[in-house]
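Working notes, structure below.
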Amino acid sequence: MFACHGLYDLAVIVSTAFGDNPTNIFAPVGTPAHSVFGLSMLVLWITGAIFVLVAGILLYVLVRYRSRAADGVTEQEPPQIYGSNQIELAWTVIPILIVVMLFLATARVIYTTEHAPKPADALDVTVIGHQFWWEYSYPALGVVTANELHVPVSDPKHMLPTYLTMSSADTDHSFWVPRLAGKTDVIPNRVNTMWIDPQETGLYLGQCAQYCGVQHAKMLIRVYVDTPAAFDAWVAHQRQPAVEDSRVAEGRAVFEHNACISCHTIRGTVATGRFGPDLTHVASRDTIASGAVPNTAANIRSFVDNPENFKPGALMPPMHLDSHDLDAVTAYLTTLK
Amino acid sequence: MIEAAVIPNSPNEGWELPSRGVVGMVCLIAAEASIFIIFVVAYVFYIGKSVSGPTPKDVLTLPVFTTICLLSSSLTVHAAVSALRQSKRNLCSLWLAATVLLGGIFLAGTGREWYELIYHDGLTIQTNLFGTTFYSLVGLHATHVIVGLIMLMLALVFSLNGAMTHEHSEKLEVLSLYWHFVDAVWVVVFLVVYVLGR
Amino acid sequence: MATQTPVTEVLDLTVEKAPQRRWLEVLHDWVTTVDHKKIGLMYIGYALFFLVVAGFEALLMRVQLAVPNNHFVSPQVFNRLFTMHGTTMVFFVGMPILFGFGNYLIPLMIGARDMAFPRLNAFSFWISAFGGLLLYFSYFGGSGLYGAGSAPDVGWFAYAPLTAQVFSPGHSTDYWTLSLLLTGIGTIGTSLNIVATAICMRCPGMKMSRLPLLVWLYLVTSCMVFVAVSPLTAAQIMLMLDRYLGSHFFDTQAGGSAVLWMHFFWIFGHPEVYILILPAFAFANEIIPVFSRKAIFGYPAMVAASVGIGFISLSVWAHHMFAVGMGPGANTFFVLATMAVSVPTGIKIFNWLATLWGGKIRFTVSMMFAVGFLFQFLIAGLTGIMLSVAPFDWQLTGSYFVVAHFHYVLVGAILFMLFSAFYYWYPKMSGRMLSETMGKWHFWLFLIGFHLTFDFMHVPGLLGMPRRIYTYEADRGWMIWNMVVSSGAIFQTIATLLFVYNMVWSYFKGEVAGADPWDAWTLEWSTTSPPATYNFAKIPSVASRRPLWDLKHPEDPDSHYETTEKPGGEERP
Amino acid sequence: MHSNHAQEEHGLQLPAPTAWPMVLALGLSLVLMGMVTDVAVSILGGLLAFAGTVGWFRQVLPHEVHEEVEVRTEEVTVTSNRTLAARLPKGPMHRKIIPVETFQIITGIKGGIAGGLAMTVPAGIFSLVKYHSFWYAVNLLAAGGFVSWAGASNAFLGEFHLQGLLAAIVIHGLTSLLVGLLYGAMLPMFPKYPIVTAGFIVPLLFTGILHSALNIVSPILNERIDWFWFVVSQIAFGLVCGFVVNLQAKVRTPQFQALPFAVRAGLHSNVEELVEEEPTDSDHEDTSR
């Protein structure tokens, strides 16, 4: 019985020890992260027990059998024991038993996570990893966005999981939001899938976990888990074309007459590039540059001027705009709610 | 005199150990075999995955004659080793010459095949995945054939000018082991490239 | 060449014998030598040089990571640092130093005068050495000549397609590939030599069942090299073809597969870990019994466990790829295979414990490091079990937890055992004892530094910090842990410098060792320290696993117990 | 090899030092270095490599070049540098493979099989009494191996399923066998109260461990397990297995006698009086490979 409590206590201790941490793997909120958490507690408990036992024996042996003579003089050699089939068999069999048990538990979690039946009403999102940002598209809803993934909250009574179909446009990446699920690699010329079903609304952070080039460190992930109503409102907003505002027509002109359009899309304009993030509703996002900095006018201006300011190694070149054009483009982009 | 650790009455008569040449060659073969396995795996993995043509079916023909030549050279090199063991040096030269000739025919056959592929069928290492894996696998094997042939030719020269004698039979045997390996690899390459992959 | 001579000079045995000789002659001696002892020392000196270099790279990285959003180095430089650090530590420190000890000790332990192929031995060393120099030439060479290249920045496992021309223009990746090709040749050559030596050069009476465990484990390691390093060589050839001739092995745009590279790399990469750790086990197998004054517990089980680890380790590579999406079937298989390794590994730990049990343990510095090895290897093994649990691994892989885990293996286990081996065999190699006082300082400082760094490095991983990021966000709560981790690096640096100083100081001022300072049992202690060029004036002949025990205890020799009925009948080479 | 014979009193033949291997290595390195710098470097490297190869060849062919090394006769006396107060008393107690007496390995296997069979009795009774089907217990155990059975109903578990039976036999058989082996190995070490140890302590310990972990290993089993009956079946196993093991006669472990390979590998068993003895120390290597 105490052992059962041990496992539970361990879970409590572990999940609170690291405090209020946005990417703690021991603070799971979705089913995949939860089942990993449960399994990890079993593993921690077993390995912890083995550690205490073996390290205890080691300590005992070191103290009990230390040579008491001064520097190797006047002492008789200890009995020379060559081995024992019995003992060696015992410490072969016991680890095998532990391994078998651990393996069964592991195999079950692998299958329940990777082979989970997909509900008919699950939300599909296509994730494309780019150097160094994320493209999210919702094929059924006609929404394309970047870096900030919005998903509806999943009710434990009525599961509403989100299925991510992932691939890469260039090098290897890995999608990792520790509190929602383990990581899944995002690999070019290959389609991987994973699913999440966060059960609490909120913002969950993560980042690319596979080295993908110079700016790997700032390829951040933000997952917004919304109430169903909020999510629907967000979708409805994202489906609209870009805001037309005559006050920033000059900025739009600068945008359309520069290389911006070959990489970025703004629906309703001539910009249809796919190489960089879709900017149709860029002003509705909280951050720019894949989560590197908050979405403020000053930051946008600085980024357009020279992306190296925040993200050294970013593939977007410095735009070499004069100060006036920069202001105009910044003004234009900030209206794209 | 350093009398290290000699225990009286220890049974040391007839202390025989394997030949280091043979052991070394077996190790080398193990390492080389692993390299070939990786290339074969890559070939098999990419069968039918080329984005564009030509495909193996379009351009490959079975190199039956050159295969027979290469495989029979295993027998001739074995005969050469046996001859040297019995100190029949002229016979050894003859068998070595036959081995070199057969290996040369094989190499010429590969060269001709490549010429056809490159200039008639337009298949280069850059064309598609088939070209990539085909040239690298067959080329890796051909490289080994070339190295083997150079060694065999040296042996032939030494045999002809009388520098190679009975005492070198173990060295020649080690070389023959390498040559057998090259032949065995060809069997695998042949099966994978010309039979399975076509 | 110039780079390693100063270091080997430290260990140069000939200097003392002929102080008058000009340095050019000495250099000529070392360059042309085919003596396994000199080659072994050159390997060790070369590895120590790169240990310091790669350690310095690690130090720079730790400074950068000590606080969030640091600008100590640029992202490009950071990426080069971790690539070079990893590559250097694995290929130009780990492998050469282990082969160095192997080269030095194996012929001495089996009563032979040299390796089976002395010239191949020299060749293997030089080609590995030039490989390392070529890699480091990238720091100067690339941009100087073509303005394009510099040090590689693709990570030590260089996942495709980051290595393709498109993503890695210039020559930086070429430096990585070519230098690894060169060391690969050297590694295979040395392994071949070790196998041939252990099988074909044994002195009379040294049956396989009497082979010192160190030699057994080197035999297993070397056999693994053939099946592990060769795939890497093959993959490097493919990558070279891709980059130079425009083939498409790992070109994802032409239908090539990035995952294939991962498989090929880890087919090498995982056995590589065991290639590095088995020699550490080998040292433990010699050192722990001597300082416990007991025969090794369960010699056959130790051999069997090593062979077992060797075999199983060839089927576990894809546990580095649990997040790749191989599907539940493959994941399950690799979970089982990986967990299976823990069984023979457990046998080894328990057998070492049983060797200590009932002994009379002498805590020399060598033994202290060996005990540190036992303790840390236990932890490393347990975190290894955590990583083998695929779902747990989905969270842990690619995070700082993994970094902490494998540094626990590489530093906590292998490096500790290497230090232990240095303190144990330095007297044999140089004729002088290393200072025990300095050694104790070295041990405790390094132990503190190690635990500060690598214990606390697990935590940011659990808190979601991925590896290979040049900086991190301030709001993640990783800073305090990274500060502690970085502070440990200082202790380790001081300890390592102390160790280097100890080696130099002791070479001149250390206590004279004599042939057998530790009262040990294997053949290398039956000859002078340092041994003559020919090792043994007369080839010894043995009748048990512990020939020197037999000599020291004529009234109760091992050979009375380890009898066999027919000579040579037991052979299993 | 070269030094074994042809050994003279005053000198030894050792391989002569040579720079050619280094030259070849340098040449090959330069060839590759040329690929990242300039083709001229490659050409230089090629020349050096060729020279190295030829030079190396001439070192070993037609005869290996040796140099004669003078032997400095220098006495190294090998004695223990520990001043031993007392030599180790000679005798079997100080040089041994422990334990001196033990069960054969087959004993543990027998015990495991017997215990495994015995365990099915209480499990079957529980299954029949509570769910009116013997297959219930079988399927419940098997569900640990099948993910798709995780949500299975009681009725489903009450039916006969061939794959369920097979999986249960594998899981149960393997575990019984391993625990049986463990008993065979460990019981001689606790000679005082074998029945208490085997029949009660171990089963209760095992139950405790499983109780804490079962939730994760097999949630379905955890939901429906009846711990009372579980403990009963564990004790049944322990008692029967322990009894069977203790029934067998102990044999002496052969101390350091190297047996012929056939005996060690278990191919032969009738060699002199060591007949049925399980193989000696050097055997592990063969069995665990």
Side-chain angles (χ1 to χ4, degrees), chain A residues 18 21-25 36 39-40 43 47 50-51 54-55 57-58 61-62 65-67 72 75 77-78 80-83 88 91-92 95-96 99 102-103 106-107 109-111 113-115 171-172 174 178 182-185 187-190 192 207 209-211 213-217 312-313, chain C residues 74-76 79 155 159 161-162 167 252 257-259 293-295 297-299 301 323-325 328 331-332 335-336 339-340 342-343 346-347 350 353 356-363 371 374-375 378 382 385-386 389-392 394-395 397-398 462-464 466 468-471 475-477:
Chain A
F18 304 131
N21 187 286
T23 49
N24 185 355
I25 69 167
V36 170
L39 184 61
S40 62
V43 180
T47 49
I50 296 174
F51 172 74
V54 180
I57 294 174
L58 177 62
V61 168
L62 292 180
Y65 295 107
R66 69 186 189 282
S67 170
E75 208 184 353
E77 303 272 18
Q80 303 292 309
I81 306 298
Y82 270 52
E88 287 168 50
W91 62 51
T92 312
I96 290 178
V99 161
L102 211 52
F103 170 70
T106 307
V109 176
I110 291 177
Y111 275 89
T113 309
E114 290 198 288
H115 251 200
T171 61
D172 302 326
S174 192
K183 53 185 83 61
T184 303
D185 285 357
I187 299 166
N189 203 14
R190 179 188 178 94
N192 277 340
Q207 68 190 81
Q210 183 65 270
Y211 178 61
V214 180
Q215 201 32 266
H216 165 57
Chain C
S74 73
Q76 287 87 348
N79 295 342
Y159 269 6
L162 196 59
F167 302 108
T252 45
S257 168
V259 178
R293 310 307 308 156
K294 270 181 73 199
F297 190 90
Y299 172 99
V324 164
N331 281 349
T332 313
V335 167
L336 186 61
M339 287 180 175
S342 65
V343 175
I347 293 175
F350 291 129
L353 284 178
L356 292 169
W357 190 288
K360 294 190 172 163
I361 304 165
R362 284 192 289 165
F363 287 102
V371 170
L374 270 183
F375 179 73
L378 169 67
L382 294 175
I385 291 177
M386 295 177 198
V389 176
F392 203 3
W394 293 331
Q395 290 282 23
T397 187
L462 298 174
L463 296 182
R468 299 180 161 181
I469 51 175
Y470 71 90
T471 190
D475 65 351
R476 303 290 163 94

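Order of the sequence lines fixes the chain letters, A, B, ..., with proteins taken first and strands second; residue numbering starts at 1 for each chain.
- The minimum heavy-atom distance linking Gln207(A) with Pro466(C) is given by the pair CG-CG, 3.4 Å.
- Ranked by non-hydrogen atom pairs under 4.5 Å with chain C, the options Gly313(A), Ala209(A), Pro188(A) are led by Pro188(A).
- The most heavy-atom pairs under 4.5 Å with chain A, out of Ser74(C), Gly346(C), Gly359(C), come from Gly359(C).
- Proximity to chain A involves both the backbone and the side chain of Leu162(C), based on heavy atoms less than 4.5 angstrom apart.
- The shortest distance between side-chain heavy atoms of Trp394(C) and Thr113(A) falls below 4.5 Å.
- Proximity to chain A involves both the backbone and the side chain of Thr397(C), based on heavy atoms less than 4.5 angstrom apart.
- Residues Arg362(C) and Ser67(A) come closest through the heavy atom pair CG-CB, 4.1 Å.
- Interface residue Thr332(C): backbone and side-chain heavy atoms are both found under 4.5 Å from chain A.
- Your options are Leu382(C), Val335(C), Asn331(C), Ile385(C), and the one with the most heavy-atom pairs under 4.5 Å with chain A is Leu382(C).
- One N or O on the side chain of Asn21(A) and one on the backbone of Arg476(C) form a donor-acceptor pair closer than 3.5 Å.
- Considering all non-hydrogen atoms of both residues, Ile57(A) and Leu353(C) come closest at CG2-CD1, 4.2 Å.
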Full working for side chain to side chain contact (heavy atoms under 4.5 Å, CB included) between Lys360(C) and Tyr65(A): CA-CA 5 Å; Lys360(C) 294 190 172 163; Tyr65(A) 295 107; over 6 Å; no

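- Note on Ile50(A), Val54(A), Leu39(A): by heavy-atom pairs under 4.5 Å with chain C, the leading option is Val54(A).
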Residues Met339(C), Thr106(A); criterion side chain to side chain contact (heavy atoms under 4.5 Å, CB included); working and verdict: CA-CA 11 Å; Met339(C) 287 180 175; Thr106(A) 307; 3.6 Å; yes

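- Contact detail for Phe392(C) and Val36(A): the closest heavy-atom pair is CA-CG1, 3.9 Å.
- Only the side chain of Ile187(A) has a heavy atom closer than 4.5 Å to any heavy atom of chain C.
- Counting heavy-atom pairs closer than 4.5 Å to chain A, the top residue among Phe375(C), Tyr470(C), Trp357(C) is Trp357(C).
- The distance from the CG atom of Asn24(A) to the CD atom of Gln395(C) is 9.5 Å, given to the nearest 0.5 Å.
- Only the side chain of Asn192(A) comes within contact range of chain C, judged by heavy atoms closer than 4.5 Å.
- Thr23(A) contributes a side-chain N or O that, together with a main-chain N or O of Leu463(C), makes up a donor-acceptor pair within less than 3.5 Å.
- Looking at every heavy atom in both residues, Val324(C) comes nearest to Arg190(A) through O-NE, 3.5 Å.
- Ranked by heavy-atom pairs shorter than 4.5 Å toward chain A, the options Val389(C), Ile469(C), Ile361(C), Val343(C) are led by Ile361(C).
- Heavy atoms closer than 4.5 Å to chain A are found in the side chain of Phe167(C), but not in its backbone.
- A distance of 3.5 Å separates OG1 of Thr92(A) from CD1 of Ile347(C), quoted to the nearest 0.5 Å.
- In terms of modelled atom types and a separation under 3.5 Å, the side chain of Lys294(C) and the main chain of Gln80(A) share no donor-acceptor contact.
- Here the CE atom belonging to Met386(C) is positioned 10.5 Å from the CG atom belonging to Leu102(A), to the nearest 0.5 angstrom.
- Contact record, Gly298(C) with Glu88(A): CA-OE2, 3.4 Å, taken as the closest heavy-atom pair.
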Steps toward side chain to side chain contact (heavy atoms under 4.5 Å, CB included) verdict (Phe363(C), Leu62(A)): CA-CA 9 Å; Phe363(C) 287 102; Leu62(A) 292 180; 3.9 Å; yes

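- Here CG of Leu378(C) is found 8.0 Å from CG of Leu58(A). Values are rounded to the nearest 0.5 Å.
- Side-chain atoms of Asn189(A) and Ser257(C), non-hydrogen and from C-beta on, never get closer than 4.5 Å to each other.
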